[in-house]
There are 2 protein chains.
Amino acid sequence: MSNDITYDAVRTDFIEKTGLITQAEGLPRIAGRVFGMLIFDGEVVSFGDLATKLQVSRASISTSIRILEERGLVKRVTKPGERQDFFQLAPNPYATMLERIHKRNRSIQADIAETIRSLPANSEALGRLNAHANFYASLDAAVAVALSELDTSRNTSAMLQPTAPKDYADDA
Amino acid sequence: MSNDITYDAVRTDFIEKTGLITQAEGLPRIAGRVFGMLIFDGEVVSFGDLATKLQVSRASISTSIRILEERGLVKRVTKPGERQDFFQLAPNPYATMLERIHKRNRSIQADIAETIRSLPANSEALGRLNAHANFYASLDAAVAVALSELDTSRNTSAMLQPTAPKDYADDA
DNA sequence: CGTTTTGTTCAGTCAAAACTAAACAAACTT
DNA sequence: AAGTTTGTTTAGTTTTGACTGAACAAAACG
């Protein structure tokens, strides 16, 4: 097929962009590329293939996978008769990401509340600190809404599972 | 007053925590401390005081302020008869922060949509990419909700301005 | 005018983090 | 058993970015 080149370009582009996005979220770029590759390809991907196709060292794959596993975004699986480890997206990675944000937000809110509690009741700063707390509270509420929305459409989560193997050309 | 020491400790603690939080959001730590100091102290603070009280170089204050101004979180003001520049919180910094997130989200969504558009209609990856897009869409919708909530309570935004000491109830 | 104050810019230092190669350990193969 | 394959860990390199001091330009002061 002549448009395989285009297809691969789109794929590589998506993977690179995902790497940049997650980098801005505080993840190493390679971890983001692994995540992007798993989203795009869907299939279960072997450790070796990750290193080869992304053209990075096995050590980088190892640490990236560790981070992604810790965050609950990726699952390690094995295949009978195969010695390598394989990886796929965790069941609902997006909900997991939101949970994480949620948790962090609540931690921040607790810190601010602690600050407020430690101040004298007539402190001039209370108004601004309450506004500050309110910001994180409403942000948190919004995340909770998004989370419930994601759960609602979880029937759609079947989309996330790896499906029939298809042969993409030999990446870029 | 004997509890002045405690008050300063609470203040310093809040400022440092704010520095750490904003650092995780991709801002330099000092910028976060400046932001935290303006929240806590509320008053208009001079350039020199920022450097002195935060114990950092004037160069750092300069770049931090530049970043905070670019993001619309801080406003530079002058005082008649005073040579120094002074700084205070921008009118509604929290809404501005949410706007920024909103903008970024939409940019990401556009990228993903572009990827989807570039793929053949029967591509096996479409399902997962749609789920990916959906994640950012619902996150974005949630942010929009939080934004409108903030706007709703904008009567409260008077709290953000440096005013006469008023005592808001001390909820937590 | 020269001097001082003030904020920005530039060059350089330092620290943190990403990434790699190499050493390693564990499991499999023969 | 010896030798492979596979993933992790460690040591080292490189890059990135925060921060500082010094040079600088502009304005105010004397």
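Naming convention: chains lettered A, B, ... in sequence-line order (proteins, then strands); numbering from 1 in each chain.
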Start with the C-alpha distance between B:I15 and B:L54, add both sets of side-chain angles, then the distance that settles side chain to side chain contact (heavy atoms under 4.5 Å, CB included), and finish with yes or no. CA-CA 9 Å; B:I15 291 174; B:L54 294 178; 4.2 Å; yes
Side chain to side chain contact (heavy atoms under 4.5 Å, CB included) for A:S123 and B:Y7? Distances and angles first, verdict last. CA-CA 10 Å; A:S123 170; B:Y7 186 85; 3.7 Å; yes
Steps toward side chain to side chain contact (heavy atoms under 4.5 Å, CB included) verdict (B:T96, B:Y94): CA-CA 5 Å; B:T96 306; B:Y94 301 112; over 6 Å; no
Full working for side chain to side chain contact (heavy atoms under 4.5 Å, CB included) between B:H132 and A:F14: CA-CA 11 Å; B:H132 196 57; A:F14 174 78; 3.8 Å; yes
Strictly under 3.5 Å: I want the nitrogen or oxygen pairs between protein and nucleotides 12-16 of chain D, one per line.
none

Atom pairs, N/O to N/O, protein against nucleotides 11-15 of chain C, distance under 3.5 Å?
none

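Without hydrogens or angle criteria, B:R128 side chain to A:I39 main chain gives a donor-acceptor distance under 3.5 Å. Counting only distance, with no hydrogens or angles, the side chain of A:S62 and the backbone of A:R58 share no donor-acceptor pair below 3.5 Å. Remark: side-chain polar atoms of A:Q84 are paired, donor with acceptor, to backbone N or O of A:G48 under 3.5 angstrom. At distances below 3.5 Å, at least one donor-acceptor pair connects side-chain atoms of A:S64 with backbone N or O atoms of A:S60. In this structure, the side chain of A:T12 does not engage the main chain of A:A9 through any donor-acceptor pair within 3.5 Å.
For the pair B:I65 CD1 and C:dT9 P, the computed distance is 14 Å after rounding to whole Å. Whole-Å rounding puts the A:L50 CG to C:dC19 P distance at 14 Å. Rounded to whole angstrom, the span from the CZ atom of A:R66 across to the P atom of D:dT9 amounts to 6 Å.
Considering B:D140, B:V143, B:L147, B:L139 as possible partners of B:I101, the one that fulfils the side chain to side chain contact (heavy atoms under 4.5 Å, CB included) test is B:V143.
Residues from residues 20-31 of chain A that place a heavy atom under 4.0 Å from any atom of DNA chain D: there are none. Within a heavy-atom distance below 4.0 Å of DNA chain D, the residues of residues 75-87 of chain A found are A:R76, A:R83, A:Q84, A:D85. Contacts with DNA chain D (heavy atom under 4.0 Å) in residues 53-64 of chain B: B:V56, B:S57, B:A59, B:S60, listed by number.
In this structure B:V74 satisfies the side chain to side chain contact (heavy atoms under 4.5 Å, CB included) test together with B:L38, B:I65, B:L68, B:F87, sequence neighbours excluded.
Residues B:P28 and B:I67 meet the side-chain proximity criterion, which asks for heavy atoms closer than 4.5 Å.
A salt bridge links A:E114 with A:R117: at least one charged nitrogen is closer than 4.0 Å to a carboxylate oxygen. With respect to A:R104 and B:E25, a salt bridge is recorded, a charged nitrogen being found less than 4.0 Å from a carboxylate O.
Within 6.0 Å of CZ on B:R71 lie more than 12 heavy atoms contributed by other residues, nucleotides or ligands.
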